Amino acid sequence: MSEFNDKVYEIVRRIPYGRVMTYGQIAALMGIPRAARAVGWALHAVAPEAQVPCQRVVNRYGGLAAGYGWGGQLAHRLELAAEAVEISDDFIVDLSKYQWWPEENVLPELQLSPYKRDELDRNLPVNEERLSYSTRRSKPKMPR
DNA sequence: ATATTGACCAGTT
DNA sequence: TAACTGGCCAATA
């Protein structure tokens, strides 16, 4: 049980019913903008009893996880569809419709000040500008 | 004790 | 457009 994983779970538990966040978005919130992959791994390793709504996390295109639990994309789709989220035939959800961003006032509450910031390179400042960038930017089409 | 591997991502070639 | 690169971190080997 690492501090990193626990923080990921804490954030994911905040995602409301029927909404989604991306791996990269969560990493950015934690102050480690490039740790999206590690976020994915944390969810991969989540214990079933941990009560973490993993189905509410998708990739930057809105795509569902191929390696989701034991059931893969199909399982992911079922769990998300159960929350009335629309999913296309190619396992994509519309981020412009369903992506969620926490209110700013929860950030201090979650103690989301940059994690291990001093160990990171300083060229990648973590600030509101960068965070909003990740939601504002239009995503490219999911590659085949 | 070290090396490799992913539910990823953005920038560069 | 597509392929490659480096970065993250915990779990495997």
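If you're wondering where the values come from, they're calculated on a predicted model, not measured in any experiment. Residue numbering restarts at 1 for every chain, and letters A, B, ... go by the order of the sequence lines. Side chains included, hydrogens not; waters and symmetry mates left out as well; all remaining heavy atoms used.
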**Q.** Any residue meeting side chain to side chain contact (heavy atoms under 4.5 Å, CB included) with A/A38, in chain and number order, not counting sequence neighbours
**A.** A/F4, A/A35
Q | side-chain hydrogen bond (donor to acceptor under 3.5 Å, both in side chains) contacts touching residues 39-50 of chain A (sequence neighbours left out) | A | none
(Q) Rounding to an integer number of angstrom, what distance separates B/dA7 and C/dA3 when you compare their C1' atoms? (A) 22 Å
(Q) Can you list, in residue-number order, the parts of residues 36-54 of chain A that come under 4.0 Å of DNA chain B, counting heavy atoms only? (A) A/A36, A/R37, A/G40, A/W41, A/L43, A/H44, A/C54
Q) Quick one: side-chain hydrogen bond (donor to acceptor under 3.5 Å, both in side chains) partners of A/Y9, sequence neighbours excluded? A) none
Q) Is A/R56 salt-bridged to A/E79, cutoff N-O under 4.0 Å? A) no
Q. Hey, does the side chain of A/R34 come within less than 4.0 Å of C/dG6's phosphate (OP1/OP2), counting only N and O?
A. no
Q: Quote, to the nearest angstrom, the P distance that separates B/dT4 from C/dG6.
A: 15 Å
Q | Gap in Å between the two C1' atoms, one belonging to B/dA10 and one to C/dA10, rounded | A | 22 Å
**Q.** d(CG, A/D6; P, C/dC9) in whole Å
**A.** 15 Å
Q. Nearest to the side chain of A/Y68 - B/dA7, C/dA10, C/dC8?
A. B/dA7
Q.
Going by the rule side chain to side chain contact (heavy atoms under 4.5 Å, CB included), which residues pair with A/R77 if we only count those two or more places apart in sequence or in a different chain?
A. A/L64, A/I87, A/F91
(Q) Suppose we screen for ring-ring contact (aromatic ring centres under 6.0 Å, His included). Which residues come up paired with A/Y98, at least two apart in sequence or across chains? (A) none
